[in-house]
Number of protein chains: 2
Amino acid sequence: MGVTIADNQPVERRKKIAKILEEKANGLCPVHDFLIHFANKWSMLVVLNLGYAGSPRFNELKARVSGISQRMLTVTLRSLEEDGLVARQLYPEIPPRVEYQLTPLGKSLLDVMMGLGEWAAKHEAEIAKARKKFRGRNAA
Amino acid sequence: MGVTIADNQPVERRKKIAKILEEKANGLCPVHDFLIHFANKWSMLVVLNLGYAGSPRFNELKARVSGISQRMLTVTLRSLEEDGLVARQLYPEIPPRVEYQLTPLGKSLLDVMMGLGEWAAKHEAEIAKARKKFRGRNAA
DNA sequence: GTTTTGAGTTACTTTAAGTAACCAACTTAT
DNA sequence: ATAAGTTGGTTACTTAAAGTAACTCAAAAC
């Protein structure tokens, strides 16, 4: 039995992704490695909000990213900085002033992330409907 | 002080995302809500692999998604099913046979996810470099 | 009658996320 | 002069999520 390619989407592109994903067999799949770091709500929401906000300061960003705690914002920003997605600019005044912004790499990721954001906004209702249906089925 | 829009990217698109993200103030941001469910490595890797694999059975999928445990695959698939992204087809034989595939909604998300996958593959080296640099700086 | 099979559970451990209090060091208000 | 407020964190602690390993079901093959 050969490998099955799912229908009705650009096949070439799929093959490309497939090849990338298969490198995981050798333990070096870049998608896997990246998602392990980056695939969490705060990283994604921070990148999305940074894309909009320009160069916000720590507390501006905290206010913007709804529900995030001070600790998780620090942790998330350090992680994004580590991956080269976010630049941290410290002005050693007192009280301290720190500005965050996307690096060029971060901005290139933002373009992709906006696609995700738009998708989520567009299909909100459909997802809500599916959840309701699922819960109905599994209530019994 | 007005709202700052970051430079050199399509501004209209940003405004759109910004508007969506700001709904969070009312506690109903669809992007936020969706990411809280979906933004984790296993959900994303499962969708990506399902896009490639067609209609794999449980253990095929488990073999494909490197590093995932039986429990996490079950949990992840249930969550994706709940959101209407994945369809589960049970054939009540013994031993049981179960096939999973992306729904049309899941396929539409796959297109966006492939963008993320391609981005990760493309910028792998740049990220690795940034991480090295970061660790160098923070070793002291 | 013991083993195997596929798709899960269940019980338990470890890691990550969330909460809340605290800090440094300088400015402004009392 | 002392007290309070400022920003961008840290530290200690609690809860929730992820990871690990053993177990289940019912029939089929050995």
Side-chain angles (χ1 to χ4, degrees), chain A residues 1 24 27 32-47 49-50 53 55-83 86-101 134 137-138, chain B residues 1 24 27 32-47 49-50 53 55-83 86-101 134 137-138:
Chain A
M1 188 187 75
K24 74 186 183 306
H32 189 276
D33 286 355
F34 176 68
L35 288 181
I36 278 179
H37 249 216
F38 182 69
N40 64 78
K41 60 182 172 185
W42 295 136
S43 293
M44 294 195 167
L45 286 169
V46 165
V47 166
N49 277 282
L50 272 176
S55 307
R57 298 176 61 176
F58 185 87
N59 280 324
E60 287 176 61
L61 196 53
K62 181 165 173 286
R64 205 182 278 281
V65 181
S66 146
I68 199 168
S69 67
Q70 212 154 3
R71 197 182 81 94
M72 285 316 294
L73 184 55
T74 306
V75 168
T76 302
L77 284 169
R78 288 291 179 285
S79 159
L80 294 173
E81 205 195 340
E82 183 177 358
D83 287 355
V86 161
R88 177 177 185 271
Q89 176 71 41
L90 164 71
Y91 300 91
E93 310 165 355
I94 282 166
R97 182 159 64 94
V98 181
E99 284 179 4
Y100 290 94
Q101 64 176 337
F134 182 89
R137 254 186 293 134
N138 293 46
Chain B
M1 189 188 74
K24 74 187 185 304
H32 190 276
D33 285 354
F34 177 68
L35 288 181
I36 279 179
H37 249 217
F38 183 71
N40 63 78
K41 59 181 172 183
W42 296 134
S43 294
M44 295 196 167
L45 286 170
V46 165
V47 165
N49 277 283
L50 272 176
S55 307
R57 298 176 60 176
F58 185 87
N59 281 324
E60 286 177 63
L61 196 54
K62 181 167 173 285
R64 206 182 278 283
V65 181
S66 145
I68 198 167
S69 68
Q70 213 153 8
R71 197 182 82 93
M72 285 316 293
L73 183 55
T74 306
V75 168
T76 302
L77 285 168
R78 289 291 178 285
S79 160
L80 294 173
E81 206 194 338
E82 182 176 359
D83 287 355
V86 162
R88 179 179 184 269
Q89 176 71 40
L90 164 71
Y91 301 90
E93 310 164 359
I94 281 168
R97 181 159 64 95
V98 182
E99 285 178 4
Y100 290 94
Q101 63 177 336
F134 182 87
R137 255 187 292 133
N138 293 47

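Chain letters run A, B, ... following the sequence lines, proteins first, then strands; residues in each count from 1. Side chains are part of it too, since the values below use all heavy atoms of this structure and drop only hydrogens, waters and symmetry mates.
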Applying side chain to side chain contact (heavy atoms under 4.5 Å, CB included) to A:L80 and A:V47, what does each step give before you reach the verdict? CA-CA 8 Å; A:L80 294 173; A:V47 166; 4.0 Å; yes

Determine, step by step, whether B:V75 and B:W42 satisfy the side chain to side chain contact (heavy atoms under 4.5 Å, CB included) criterion, reporting the C-alpha distance in whole Å, the side-chain angles of both residues, the deciding distance to 0.1 Å, and the verdict. CA-CA 10 Å; B:V75 168; B:W42 296 134; over 6 Å; no

Derivation of the side chain to side chain contact (heavy atoms under 4.5 Å, CB included) call for B:Y91 and B:V98: CA-CA 6 Å; B:Y91 301 90; B:V98 182; over 6 Å; no

Candidate pair B:L61 and B:L77, rule side chain to side chain contact (heavy atoms under 4.5 Å, CB included), full reasoning: CA-CA 10 Å; B:L61 196 54; B:L77 285 168; 3.9 Å; yes

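Comparing D:dG8, C:dG8, D:dA27 by their closest approach to the side chain of B:I94 singles out D:dA27. Comparing atom distances between the B:R78 side chain and each of C:dG6, D:dG8, C:dG8 picks out C:dG8 as nearest. Closest contact between the side chain of B:R97 and the listed nucleotides C:dC26, C:dA7, D:dG8 involves C:dA7. Here the side chain of B:P95 is nearest to one of D:dG8, C:dT5, C:dT9, namely C:dT5.
Between B:Q89 atom CD and C:dG6 atom C1' the separation is 16 Å, expressed in whole Å. Remark: P of C:dC23 and CZ of A:F58 are 19 Å apart, rounded to the nearest angstrom. Rounded to whole Å, atom P of D:dG9 lies 12 Å from atom CD of A:E99. Atom-to-atom, CZ of B:R88 to P of C:dA7 comes out at 10 Å; the value is rounded to the nearest Å. Regarding A:E81, its CD atom lies at a distance of 14 Å from the P atom of D:dG8, rounded to whole Å. Atom NE2 of A:H37 and atom P of C:dT15 are 15 Å apart (whole Å). Between the CG atom of B:L77 and the P atom of C:dT9 there is a distance of 11 Å, given to the nearest Å.
No engagement by A:Y91 is indicated, since no non-hydrogen atom pair under 4.0 Å with the nucleic acid exists.
In summary, B:R137 and A:E81 engage in a salt bridge, as defined by a charged side-chain N under 4.0 Å from a carboxylate O. In summary, B:E99 and B:R97 engage in a salt bridge, as defined by a charged side-chain N under 4.0 Å from a carboxylate O.
Note on A:Y100: every side-chain N or O is 4.0 Å or more away from OP1 and OP2 of D:dT7.
We find the NE2-OG distance between B:H37 and B:S79 to be 5.5 Å, quoted to the nearest 0.5 Å.
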Would you tabulate the pairs of protein nitrogen or oxygen atoms and nucleotide nitrogen or oxygen atoms of nucleotides 17-24 of chain D closer than 3.5 angstrom?
| residue | atom | partner | partner atom | Å |
| --- | --- | --- | --- | --- |
| D:dA18 | N7 | B:R71 | NH2 | 3.1 |
| D:dG19 | OP1 | B:K41 | NZ | 2.9 |
| D:dG19 | OP2 | B:W42 | NE1 | 2.5 |
| D:dG19 | N7 | B:R71 | NE | 3.4 |
| D:dG19 | N7 | B:R71 | NH2 | 3.1 |
| D:dT20 | O4 | B:R71 | NE | 3.3 |

